[in-house]
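When reading the values below, keep in mind they use all heavy atoms of this one structure, side chains included, and skip hydrogens, waters and symmetry mates. To find a chain, count down the sequence lines: A is the first, B the second, and so on, and within it residues start at 1.
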There are 2 protein chains.
Amino acid sequence: MTVRELNSWTEIREELHRRINDRIWQPGETIPGEADLAEEFGCARTTVSRALRALAEAGLVTRRRKAGTRVAVNPPHKATFTIPIIREEVEARGAAYSHSLLKRVEAGLPPQLHAAFPVGEGARLLFTETVYFADDRPFMFEERYTNLDAVPEFGTIAFDLITPNEWLVQNAPYTSGDLTCYAANAGERLSRFFEVAQETPLFVMERATANQKVPITHVRMSYQPGYRLRTRF
Amino acid sequence: MTVRELNSWTEIREELHRRINDRIWQPGETIPGEADLAEEFGCARTTVSRALRALAEAGLVTRRRKAGTRVAVNPPHKATFTIPIIREEVEARGAAYSHSLLKRVEAGLPPQLHAAFPVGEGARLLFTETVYFADDRPFMFEERYTNLDAVPEFGTIAFDLITPNEWLVQNAPYTSGDLTCYAANAGERLSRFFEVAQETPLFVMERATANQKVPITHVRMSYQPGYRLRTRF
DNA sequence: GATGAGAATATGCATGCACATAAAAACGTG
DNA sequence: CACGTTTTTATGTGCATGCATATTCTCATC
């Protein structure tokens with residue numbers, strides 16, 4: 001067998017990927033060490049390492065010092081969703097995008113959000129309610145609590161041209177967050193917005209962000225009936 | 001100012017991350033070149049490169065040859081969900097896991113799935129219906145079409161000890177897939193399973209997998225009322 | 001002034017080497 | 001045999017260097 005020399009790390013990654021996929025190396029099995037593979041492929045150990053690291057990041061193999069590299073027992077059960085940017089999403093559907101601020105008031109945090117959005121007792125919060133339209137039909141309904149102690153300037157913005165979300169994205173960096181998806185009935189309020197029955201199921205996303213443990217904002221986004229969040233992997 | 005020498009790529013990554021976060025480098029702005037940063041930090045260019053690559057993978061910066069590295073205009077609107085493994089999820093809640101195969105029949109593909117699961121006209125498909133229990137209460141309801149032309153052996157399995165999902169995970173590698181989440185009402189059938197009203201909103205995930213363009217399986221998973229899919233980032 | 005060839009340059013990739021680190025394996029001691 | 005300690009070893013990381021490649025920039029030419 002002619003061993004074509006594989007010297008680019010992507011080629012090596014592909015070859016290793018193939019071997020895993022074709023069950024040449026069984027799940028759970030330890031694969032040859034970096035040095036062995038480097039010798040086989042006729043390249044430097046660093047290059048093999050690069051390929052293995054990529055596979056490890058993709059979740060196809062697990063690596064441990066001394067123990068070696070082994071094929072992951074179950075393929076990567078991960079999926080990366082691109083959190084949709086409403087404006088882009090609406091325009092991608094060929095619809096005209098617009099938004100409207102319905103409410104803007106300093107308010108306390110509802111008790112049920114304390115766990116997801118741990119602001120202190122005396123925190124100043126701005127509550128905003130925004131509807132996003134696609135061709136004048138409601139597309140998404142957003143209820144947001146924003147920590148004015150963390151982003152004071154947020155309280156001074158008009159939100160007629162820019163949305164609360166866009167302002168925060170551009171002005172309030174965050175280091176960590178939390179995203180939850182679930183299904184809920186439209187209920188009394190949203191059923192009127194979307195002009196559907198109260199029992200209509202809606203796809204809801206809740207997102208909390210924080211900058212170095214300082215809570216920034218918590219938002220609940222209720223999407224129009226029939227909305228689907230989709231990703232390829 | 002004492003410039004502490006940062007010589008581990010993680011430290012450099014953190015420092016760069018901080019500068020981006022603190023708006024020392026504005027979004028859209030080009031940051032100093034690798035060589036300059038290497039000199040500043042007193043390390044090799046490779047090490048800076050490693051840190052920058054990590055940031056680029058995280059979506060915080062975008063890099064182009066010659067053009068240089070610049071701070072991403074909008075922070076990474078990505079979230080990685082770990083696709084739950086039912087057994088683990090149930091056991092993590094301290095409940096007893098079990099499952100039951102309800103149905104197993106060769107069947108044609110419903111027309112509405114043709115787009116999501118492009119098997120040819122004469123493909124042999126096995127339809128399976130499985131309920132997963134947490135402490136004897138239904139936790140998830142699974143309807144699955146599996147391409148027997150791609151995984152013939154699948155047709156010979158009993159699925160009393162192992163679930164269709166687990167068997168496929170262990171025996172049918174895939175290279176690409178598609179995941180969709182949405183909300184749906186329980187409807188007539190599922191309302192009886194979950195012992196709730198037909199109008200109860202359920203969280204539903206649909207997943208299609210393929211191995212090198214060969215469709216493997218399509219599955220619809222309807223979760224128990226109140227289920228939430230959650231991720232940190 | 002427009003245009004295209006070529007130079008300049010920043011990032012990307014590969015290599016060889018040295019050392020750090022974690023974890024398994026071997027060993028020694030009670 | 002049970003235990004803690006040392007050795008071994010595979011991966012992890014850092015560095016210096018050279019070349020590859022994609023763009024941008026410059027400049028000569030028309």
Side-chain angles (χ1 to χ4, degrees), chain A residues 2-20 24-73 76, chain B residues 2-20 24-73 76:
Chain A
T2 1
V3 178
R4 189 175 101 244
E5 294 225 335
L6 307 175
N7 51 0
S8 101
W9 71 269
T10 48
E11 282 175 349
I12 292 177
R13 169 168 53 77
E14 289 313 311
E15 171 62 14
L16 299 178
H17 186 60
R18 189 188 65 77
R19 292 188 186 179
I20 292 170
I24 292 174
W25 292 323
Q26 296 292 321
E29 185 181 340
T30 303
I31 73 177
E34 293 187 354
D36 298 336
L37 290 171
E39 194 183 354
E40 182 194 346
F41 294 135
C43 68
R45 189 173 76 92
T46 321
T47 310
V48 173
S49 190
R50 182 93 166 77
L52 285 173
R53 197 196 316 145
L55 289 175
E57 278 166 10
L60 264 84
V61 299
T62 55
R63 318 185 70 192
R64 271 165 59 217
R65 279 182 157 119
K66 164 69 186 172
T69 304
R70 50 183 57 210
V71 181
V73 202
Chain B
T2 2
V3 177
R4 189 176 100 244
E5 293 226 336
L6 308 175
N7 52 1
S8 98
W9 71 271
T10 49
E11 282 174 349
I12 291 177
R13 168 167 56 77
E14 289 315 309
E15 171 62 13
L16 299 178
H17 187 56
R18 190 190 63 76
R19 293 188 186 180
I20 291 169
I24 292 174
W25 293 322
Q26 297 291 323
E29 187 182 337
T30 304
I31 74 176
E34 292 188 355
D36 298 336
L37 291 170
E39 193 183 353
E40 183 194 346
F41 294 135
C43 70
R45 191 172 74 90
T46 323
T47 311
V48 173
S49 190
R50 182 94 167 75
L52 284 174
R53 197 197 316 146
L55 289 176
E57 277 166 9
L60 264 84
V61 298
T62 55
R63 318 185 71 191
R64 273 166 57 219
R65 279 184 158 123
K66 163 70 184 172
T69 304
R70 49 182 58 209
V71 180
V73 203

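Legend: residues meeting side-chain hydrogen bond (donor to acceptor under 3.5 Å, both in side chains) with B:Thr30, ordered by chain and number and at least two apart, are B:Arg70. Residues passing the side-chain hydrogen bond (donor to acceptor under 3.5 Å, both in side chains) test with A:Arg18 are A:Glu15, A:Asp22, sequence neighbours excluded. Residues passing the side-chain contact (heavy atoms from CB on, under 4.5 Å) test with B:Glu39, sequence neighbours excluded: none. A search for side-chain hydrogen bond (donor to acceptor under 3.5 Å, both in side chains) contacts involving A:Thr10 returns A:Ser8, not counting sequence neighbours. With sequence neighbours excluded, no residue forms a side-chain hydrogen bond (donor to acceptor under 3.5 Å, both in side chains) with A:Arg53.
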Quick one: what's the B/S/- string for nucleotides 11-18 of chain D, heavy-atom cutoff under 4.0 Å, read 5' to 3'? BBBSSBBB
